[in-house]
Amino acid sequence: MVMKASQIQSHGGTEALKLIAASNGVKKLGPKEGRTQQVGDVRLTWKATGEDTGYATSFYEMDLPPGKGIALHSHPYAEVFYVVMGHTDFLRVDEQGQEEWVRCGPGDTLVAPMNALHAFHNRTDKPSRFISSSVYYHEVFFELYAPTVDVNDPLPPKKEPTEAEGEQYLQLLKNAMRVHMYAPQVNASSGLEVLRELEKRNSNTGAQSA
């Protein structure tokens with residue numbers, strides 16, 4: 001039997017309502033609401049954090065401008081992507097090390113199992129948007145290494161990266177290993193090499209559907 005709030009109160013449950021409804025009540029986040037963090041030259045906005053979900057799951061939204069993306073990486077937990085606007089290309093790697101791009105559009109879901117190498121890029125000429133759900137531990141990486149920014153601030157202008165920016169990005173990948181996130185690029189000879197490879201992947205529009 002489901003009891004209404006008024007019935008709970010009449011049964012002496014006022015204290016329970018204070019604990020459950022008042023301090024951990026249902027909440028709504030509108031567009032652009034939530035904490036926004038910068039990772040390299042892309043941003044994500046948290047829609048549900050570990051604090052919201054009893055540290056079970058975390059849920060973010062990402063807008064990807066044309067030519068932007070996240071480098072190849074893996075982590076010891078699954079991640080699920082759901083595309084809501086535009087097209088995002090996801091990279092998967094088979095047992096022989098062969099790479100395959102999978103183009104996902106609105107309504108498509110992509111599942112990256114735990115420890116699976118994957119990447120995502122907007123290799124089109126239009127913006128894309130997706131939502132991502134994973135365990136709370138995924139959020140820990142961003143809390144440690146991704147600065148919080150204002151969602152309304154303009155993105156940095158596109159320019160040739162400096163050697164210092166390349167080394168900063170390479171250090172970010174190395175730091176990620178402290179929270180069990182792995183990127184093959186940590187063995188690159190320089191950070192600029194990593195950023196140029198990332199740009200090359202983003203500019204290739206030959207993704208296939210699967």
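What you see is a predicted model; the values in this text were computed from it and never measured.
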Option passing side chain to side chain donor-acceptor pair (under 3.5 Å) with Glu79 (candidates Ser132, Ser74, Ser134): Ser132
What's the shortest heavy-atom distance between Gly50 and Tyr136, and which atoms? CA-CD1, 3.5 Å
So CG of Leu91 and CD of Glu99: to nearest 0.5 Å the spacing works out to 4.5 Å
Candidates Glu139, Gln37, Glu33 - the one meeting side chain to side chain donor-acceptor pair (under 3.5 Å) with Trp46: Gln37
Mind checking whether Ile131 and Val151 sit in one hydrophobic cluster, side chains of I, L, V, M, F, W, Y counted as touching below 4.5 Å? no
Run the salt bridge (charged side-chain N to carboxylate O under 4.0 Å, His left out) check on Glu143 and Arg35 step by step: do they pass? CA-CA 11 Å; Glu143 286 299 311; Arg35 187 172 69 259; 2.3 Å; yes
Check whether any side-chain heavy atom of His138 lies under 4.5 Å from a side-chain heavy atom of Tyr60, and answer yes or no. yes
Quick check: does any side chain N or O of Glu165 sit under 3.5 Å from a backbone N or O of Glu167, one acting as donor and the other as acceptor? no
Shortest non-hydrogen pair, Asn152 vs Lys32, comes out as OD1-NZ, 3.5 Å
Less than 4.5 Å apart, side chain to side chain, heavy atoms only: is that true for Tyr55 and Tyr137? no
From CG (Leu29) to CZ (Phe59), nearest 0.5 Å: 10.5 Å
Exceeds 12 heavy-atom contacts within 6.0 angstrom, atom CE of Met85: yes
Do Val39 and Phe142 have side-chain heavy atoms sitting under 4.5 Å apart? yes
Between Thr45 and Glu61, does any side-chain donor sit less than 3.5 Å from a side-chain acceptor? no
Regarding Glu160 and Arg196, does a basic nitrogen lie under 4.0 Å from an acidic carboxylate oxygen? yes
Are Leu110 and Val42 connected in the hydrophobic side-chain network, where two residues link if heavy atoms are under 4.5 Å apart? yes
For residues 179-189, pull every pair meeting side chain to side chain donor-acceptor pair (under 3.5 Å), keeping only residues two or more places apart or in separate chains. Ser189-Glu193
Taking Val102 as the starting point, is it possible to reach Ile70 by hopping between hydrophobic residues whose side chains are less than 4.5 Å apart? yes
Is there a side-chain contact between Tyr82 and Val84, using heavy atoms and a 4.5 Å cut-off? yes
Nearest 0.5 Å please: distance from the OG atom of Ser128 over to the CZ atom of Arg103. 10.0 Å
Heavy atoms, side chains only, cut-off 4.5 Å: are Leu44 and Thr36 in contact? no
Assess, by modelled atom type and distance only, whether the side chains of Ser58 and Thr49 contain a donor and an acceptor separated by less than 3.5 Å. no
Min side-chain heavy-atom separation Leu173-Val194 under 4.5 Å: yes
Nearest heavy atoms of Gly86 and Pro106, plus distance in Å: O-CD, 3.2 Å
Looking only at heavy atoms, what is the nearest atom pair of Leu172 and Phe141, with distance? CD1-CZ, 4.1 Å
Gap separating the CZ atom of Arg43 from the OG1 atom of Thr148, nearest 0.5 angstrom: 11.5 Å
Distance (rounded to the nearest 0.5 Å) between Gln168 CD and Thr162 OG1: 8.5 Å
Check the hydrophobic clustering (I, L, V, M, F, W, Y; side-chain heavy atoms under 4.5 Å; chains of links allowed) and say if Val140 and Met62 are grouped together. yes
Show the nearest heavy-atom pair for residues Gly166 and Leu195, with the distance to one decimal. CA-CD1, 3.6 Å
Is a side-chain donor or acceptor of Asp63 paired with a backbone partner of Arg129 at a separation under 3.5 angstrom? no
What I'd like to find out is whether the side chain of Gln98 reaches to under 4.5 Å of the side chain of Val93, using heavy atoms alone. no
Dump the intermediate steps for side-chain contact (heavy atoms from CB on, under 4.5 Å) on Asp89 and Asn122, then the final yes or no. CA-CA 6 Å; Asp89 294 342; Asn122 180 354; over 6 Å; no
Could you give all pairs that pass the ring-ring contact (aromatic ring centres under 6.0 Å, His included) test and reach residues 113-135, with sequence neighbours left out? His73-His118, His75-His118, Phe81-Phe120, Phe81-Phe130, Trp101-His121, Phe120-Phe130
Interatomic spacing from CG in Asn115 to OH in Tyr77 - rounded to 0.5 Å: 10.0 Å
For a 4.5 angstrom cut-off between non-hydrogen side-chain atoms, does Leu155 reach Asp41? no
